[in-house]
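In listed order, ligands and their atoms are each counted from 1. Hydrogens, waters and symmetry mates are skipped; everything else that's a heavy atom, side chains included, is used.
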Amino acid sequence: MSFQNPVFIPGPTNIPDAIRKACDIPTLDHRSPAFARLFRPAVAGVRRVLNMDGGEVVILPSTGTGGWEAAITNTLSPGDCVLAARFGMFSHRWIDLCQRHGLDVQIIETPWGQGAPLQAIEAALKADTAGRIKAVLATHNETATGVRSDIAGIRRAMDAAGHGAMLFVDGVSSIGSMPFEMAAWGVDIAVAGSQKGFMLPAGLAILGLSDKALAAMETARLPRTFFDFRDMLKSYAAGGYPYTPAVGLIAGLARSIELLEDEGLTNVYARHARLAEGVRRAVAAWGMRPCAASPDLYSDTVTAVLVPQGCNGTDLVKLAADKYGVAFGVGLGEVAGKVFRIGHLGMLTDVMVLSGLATAEMCMADLGWSVRLGSGVAAAQDFYRGSAHGVALAAE
Ligand SMILES: *Cc1c(COP(=O)(O)O)cnc(C)c1O
């Protein structure tokens with residue numbers, strides 16, 4: 001008997017059966033045309049999900065973190081300056097990675113719960129009259145706090161400053177679940193991973209590169225071999241790969257994009273927005289609030305719930321796992337213990353989310369927190385009943 005519950009962590013996400021089956025393929029020769037037939041649709045699909053215009057897609061056997069490393073090592077040189085705001089664990093870890101590569105990171109410290117500070121970014125770029133800043137790093141969806149930043153706004157700030165830096169965006173927990181407009185936002189590198197919006201196992205870093213990023217690749221001097229985009233792109237041109245690709249995952253990626261496009265990307269994004277709103281209604285009914293400081297910052301893929309004084313969010317996550325076999329996310333870094341996180345991205349329906357909310361309530365009651373069983377569930381039910389979207393995904 002299997003007692004597999006859905007997970008409510010913000011990645012890895014639940015894997016649809018159709019994708020599990022698609023990953024399960026016999027060995028094939030990755031130097032044969034059979035691989036190119038499988039690979040090309042995946043690359044073309046990523047291009048559509050990212051809304052690219054020109055540029056190239058690179059798919060590496062790695063994870064999102066490797067995607068960050070590939071982005072910087074392929075475009076920058078030792079000592080180069082990059083500008084980044086720090087407002088959560090993931091923006092922090094990207095900064096740390098840059099520092100370990102010998103980059104000079106100009107950090108804008110920003111309270112956790114806030115998003116990318118547009119005015120401070122514009123001011124920093126305006127002050128950089130010597131043009132030292134080569135890239136602006138932005139975390140589209142800060143998974144630690146459940147905050148979505150305004151990437152179009154960052155592009156406007158860069159343009160207003162008249163600065164020529166590149167714009168690199170971590171979209172690991174947004175791409176495939178929330179609208180992403182690589183061309184319209186003037187993004188030079190977008191980084192995604194396979195195990196969040198794409199609903200695959202971990203194992204692929206998925207990147208979109210603009211023509212400007214491709215030009216930077218020619219002069220960048222940070223060392224790279226496994227992640228060298230030049231090797232990847234030369235091999236792609238011949239339908240191949242510079243080393244052994246993760247063939248099963250790439251087959252799964254093509255299937256994932258089919259599922260997303262069968263539902264329709266705008267419907268996928270609308271579903272995530274609805275699921276998230278239901279979760280937030282439940283949080284309000286519990287008398288709690290999201291870590292994200294204001295509604296314009298609310299993430300559609302993860303809600304970090306601030307727990308009441310005297311309560312510890314990590315206790316809830318532990319109890320949910322031990323007693324009910326359900327996974328929520330713990331608070332990370334500065335908000336450890338202060339929040340627990342509900343992931344609501346990927347293959348999820350209203351009914352699945354309701355089960356997660358019900359489980360969270362049972363844990364709160366078990367821990368002696370003051371919450372009325374059913375209060376959050378009822379608030380979410382009311383919202384979902386009024387905006388039901390059909391069962392296209394559930395029937396898959
Ligand atoms: C998950 C995540 C990462 C890290 O990705 P890995 O695949 O675990 O290496 C980076 N950034 C954000 C915003 C994430 O949510």
Original post:
Any donor-acceptor pair under 3.5 Å linking the side chain of Ser194 with the backbone of Pro201?
Top reply: yes
Original post:
With the threshold set at 4.0 Å, does a side-chain nitrogen-carboxylate oxygen contact exist between Glu277 and Arg274?
Top reply: no
Donor-acceptor pairs under 3.5 angstrom involving side-chain atoms of residues 116-126: please list them, not counting sequence neighbours.
unit_1	atom_1	unit_2	atom_2	d
Glu122	OE2	Lys126	NZ	2.7

**OP:** I would like to know whether Thr303 and His344 meet side-chain hydrogen bond (donor to acceptor under 3.5 Å, both in side chains); could you show each step before the answer?
**Re:** CA-CA 8 Å; Thr303 300; His344 34 79; 2.7 Å; yes
Report every pair formed by an N or O atom of ligand 1 and a protein N or O atom separated by less than 3.5 Å, giving atom names and the distance to 0.1 Å.
unit_1	atom_1	unit_2	atom_2	d
ligand 1	7 (O)	Thr63	OG1	3.4
ligand 1	7 (O)	Gly64	N	2.9
ligand 1	7 (O)	Gln195	NE2	2.7
ligand 1	9 (O)	Thr63	OG1	2.5
ligand 1	9 (O)	Gly64	N	3.3
ligand 1	9 (O)	Thr65	N	2.8
ligand 1	9 (O)	Thr65	OG1	2.5
ligand 1	11 (N)	Asp170	OD1	3.4
ligand 1	11 (N)	Asp170	OD2	2.6
ligand 1	15 (O)	Thr143	OG1	2.5
ligand 1	15 (O)	Lys196	NZ	2.7

Subject >> CG on Leu260 to CE on Met199, rounded to 0.5 Å >> reply: 4.0 Å
**OP:** Mind checking the CG-CZ spacing from Leu60 to Phe229? Nearest 0.5 Å is all I need.
**Re:** 6.0 Å
